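Note that the coordinates shown come from a computational prediction; the quantities given were computed from them, not determined experimentally.
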Amino acid sequence: MLPEFKPAWWMRNRHLQTIMPRFFRPFHNTRYDLSTIDTPDGDFLELAWATPHNEQAPLAIVLHGLEGNINSFYAKGMMKKLKQQGFAVVLMHFRNCSREVNRLARAYHSGETEDLRFFINHLKSKFPKRPLFAVGFSLGGNVLAKYLGEQGAKSNLTGAAVVSAPFDLSSSCEVIRKSLGKIYQKYLLDRMKKSMQRKLPQIEQQISLTPEKLMAIDDLWQFDNMLTAPLHGFAGAEDYYQQASAKPFLKRIATPTLIVHAKDDPMLSIKAVPDSVDVSEHVTLRISEQGGHVGFISGKNPFKPEYWLERIVPEYFQQLVK
């Protein structure tokens, strides 16, 4: 039995749960080694490895959220905790989220599962006898859930965990565009535009966009309609949202999967919250009333916050290893 989430008495506000963890851990470091792997289409993926001495340790893949990377607080925290629990851990940077700009025009999006499939198959062929897990946060969670549904019994994963995923992209986009005086939208857009700015030379043959026009975008839907959709073969933002949302794939999951979600998530629509009729029998739901977006801070002492996600995910994976 996995524990239920109980928010800290001093952290019941959903915006505090979402924002404050970023300030709790400014010096939270995890030792890792960076490497790259070439993809079949001639590009590369940057990987961050945190490996214990045990060469037979189970493997765990960490997938970050929108414009996240190895420096994201939730990624570093989960990697450190999984390593402490005896896992070899690797964070897979989505394209254009690594140090170097990717070679090809394509970037990443909420429904892009091909790189994940390639990397999982690569690890499985290299370490065929070691259990393989994956945990995805936010956008990375949607990618992971969609992958699991697409692959069914052929996922090559022993287990998975999906945290605060935008399973319904269209309605979640609408929430981000309005939530907390549009602060979340501005935060994400600023990072997305900065990331895409360095990629303009690669995409100019597909999309005619000057740096000035890119930086003038002030709406998430507009960004997806002008960049994400045409860059990845979608007719527009809504077509992208419909095809990339993982919610229709949850019933097809055949891998033991933990889904963690908070009903008060300020960055996602209530339509993104799955219930038992939306998922397969292989999915364990942990839906809490509170927790914010990738927050889930508990504990009695404000000076010693407890990161509930770093307890429940390793515990779930350990149950599947035994």
Using a 3.5 Å distance criterion without hydrogens, assess whether the side chain of [X] forms a donor-acceptor pair with backbone atoms of [Y].
X      : Y      : result
Tyr74  : Gly65  : yes
Ser179 : Ile176 : no
Asp43  : Arg103 : yes
Thr210 : Lys213 : yes
Ser288 : Gln290 : yes
Asp239 : Ala235 : yes
Tyr307 : Gly77  : no
Ser155 : Gln151 : no
Asn96  : Ser195 : yes

#### Entry: Distance-minimising heavy-atom pair for His232 and Ala107
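Nearest pair, atom of His232 first, then Ala107: NE2-N, 2.9 Å.
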### Closest non-hydrogen atom pair, His282 against Tyr316
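Heavy atoms only, the tightest pair is O-OH, 4.5 Å.
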[X] vs [Y] side-chain heavy atoms within contact, under 4.5 Å:
X      : Y      : answer
Leu148 : Leu157 : yes
Ile253 : Val279 : no
Leu320 : Pro131 : no
Thr228 : Phe234 : no
Thr36  : Leu45  : no
Met20  : Met11  : yes
Ile37  : Phe118 : yes
Lys199 : Asn102 : yes

### Task
Begin from the C-alpha positions of Arg95 and Asp115 and carry the test salt bridge (Lys or Arg N to Asp or Glu O under 4.0 Å) through to its verdict.
CA-CA 9 Å; Arg95 299 196 194 199; Asp115 283 344; 2.7 Å; yes
### Task
Classify the side-chain pair Asp168/Ser245 by whether it contains a donor and acceptor separated by less than 3.5 Å.
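No, Ser245 and Asp168 have no side-chain donor paired with an acceptor closer than 3.5 Å.
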### Task
Check the side chains of His93 and Tyr108 for a donor-acceptor pair under 3.5 angstrom, ignoring hydrogens and angles.
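No pair is found: no donor N or O on one side chain lies under 3.5 Å from an acceptor on the other.
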#### Entry: Evaluation steps, side chain to side chain donor-acceptor pair (under 3.5 Å), between Gln17 and Asn13
CA-CA 6 Å; Gln17 281 278 352; Asn13 180 276; over 6 Å; no
Give every residue pair that meets the salt bridge (Lys or Arg N to Asp or Glu O under 4.0 Å) criterion with at least one member in [range], sequence neighbours excluded.
range            : value
residues 120-140 : none
residues 215-237 : Arg177-Asp219
residues 294-304 : none
residues 279-288 : Glu4-Arg286

### Task
May I ask you to decide whether Asp190 forms a salt bridge with Lys186, counting only side-chain N to carboxylate O separations under 4.0 Å?
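A salt bridge is present here (some side-chain N lies under 4.0 Å from a carboxylate O).
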So if you build clusters from Ile, Leu, Val, Met, Phe, Trp, Tyr with side-chain heavy-atom gaps below 4.5 Å, do [X] and [Y] land together?
X      : Y      : result
Leu214 : Leu231 : yes
Trp221 : Leu66  : no
Leu209 : Phe223 : yes
Val89  : Phe73  : yes
Leu189 : Leu169 : no

### Query
Linking Ile, Leu, Val, Met, Phe, Trp and Tyr by side-chain heavy atoms under 4.5 Å, what else ends up with Val175?
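Via sub-4.5 Å side-chain contacts, Val175 links to none.
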### Task
Write out all pairs satisfying side chain to side chain donor-acceptor pair (under 3.5 Å) with one or both partners inside residues 156-165, taking only residues at least two apart or from two chains.
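As it turns out, the side chain to side chain donor-acceptor pair (under 3.5 Å) pairs with a partner in residues 156-165, which skip direct neighbours, are Asn121-Asn156.
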### Task
Apply side chain to side chain contact (heavy atoms under 4.5 Å, CB included) to Val143 and Glu112, showing your working.
CA-CA 6 Å; Val143 171; Glu112 205 295 293; 5.6 Å; no
### Query
Quick check, are the ring centers of Tyr32 and Trp49 under 6.0 angstrom apart?
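When the ring centroids of Tyr32 and Trp49 are compared, they turn out to be at least 6.0 Å apart.
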### Query
By side-chain hydrogen bond (donor to acceptor under 3.5 Å, both in side chains), which residues pair with Arg99, not counting sequence neighbours?
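With neighbours one apart ignored, the set is Glu46.
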### Query
With a cut-off of 6.0 Å (strictly less than), are more than 12 heavy atoms of other residues, nucleotides or ligands near NZ of Lys193?
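Yes, enclosed.
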### Query
Do other residues, nucleotides or ligands put more than 12 heavy atoms under 6.0 Å from the NZ atom of Lys194?
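Check fails, neighbour count at 12 or below.
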Going by salt bridge (charged side-chain N to carboxylate O under 4.0 Å, His left out), name the residues that satisfy it together with [X], two or more places apart in sequence or in a different chain.
X      : result
Asp275 : none
Glu238 : none
Glu67  : none

### Query
Between Thr284 and Ile259, is a side chain to side chain contact (heavy atoms under 4.5 Å, CB included) present by the stated rule, with each step listed?
CA-CA 6 Å; Thr284 298; Ile259 291 180; over 6 Å; no
#### Entry: For Phe133, all residues meeting ring pair (Phe, Tyr, Trp, His ring centres under 6.0 Å), sequence neighbours excluded
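Testing Phe133 for ring pair (Phe, Tyr, Trp, His ring centres under 6.0 Å), a comparison that skips the adjacent residues, returns Phe87, Phe317.
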### Query
His64 vs Phe94 aromatic rings, parallel, tilted or perpendicular, using cut-offs 30° and 60°?
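Ring orientation, 0 to 90° scale: perpendicular.
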Contacts under 3.5 angstrom, residues 262-273 side chains, donor-acceptor by atom type, not counting sequence neighbours:
unit_1	atom_1	unit_2	atom_2	d
Lys263	NZ	Glu289	OE2	3.2
Asp264	OD1	Gly291	N	3.2
Asp264	OD1	Gly292	N	2.9
Asp265	OD1	Met267	N	2.8
Asp265	OD1	Leu268	N	3.4
Asp265	OD1	His293	ND1	3.2
Asp265	OD2	His293	ND1	2.8
Ser269	OG	Ser171	OG	3.1
Ser269	OG	Lys271	N	2.9

### Task
Could you give me the CA-CA distance, side-chain angles and deciding distance for Tyr240 and His109, then say whether ring pair (Phe, Tyr, Trp, His ring centres under 6.0 Å) is met?
CA-CA 9 Å; Tyr240 157 53; His109 61 77; 5.4 Å; yes
#### Entry: Test side chain to side chain contact (heavy atoms under 4.5 Å, CB included) applied to Met192 and Leu220, step by step
CA-CA 9 Å; Met192 293 163 71; Leu220 183 59; 3.7 Å; yes
### Query
CD1/Ile70 to CG/Leu34 distance, rounded to the nearest 0.5 angstrom?
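The CG atom of Leu34 is 7.5 Å from CD1 of Ile70, to the nearest 0.5 Å.
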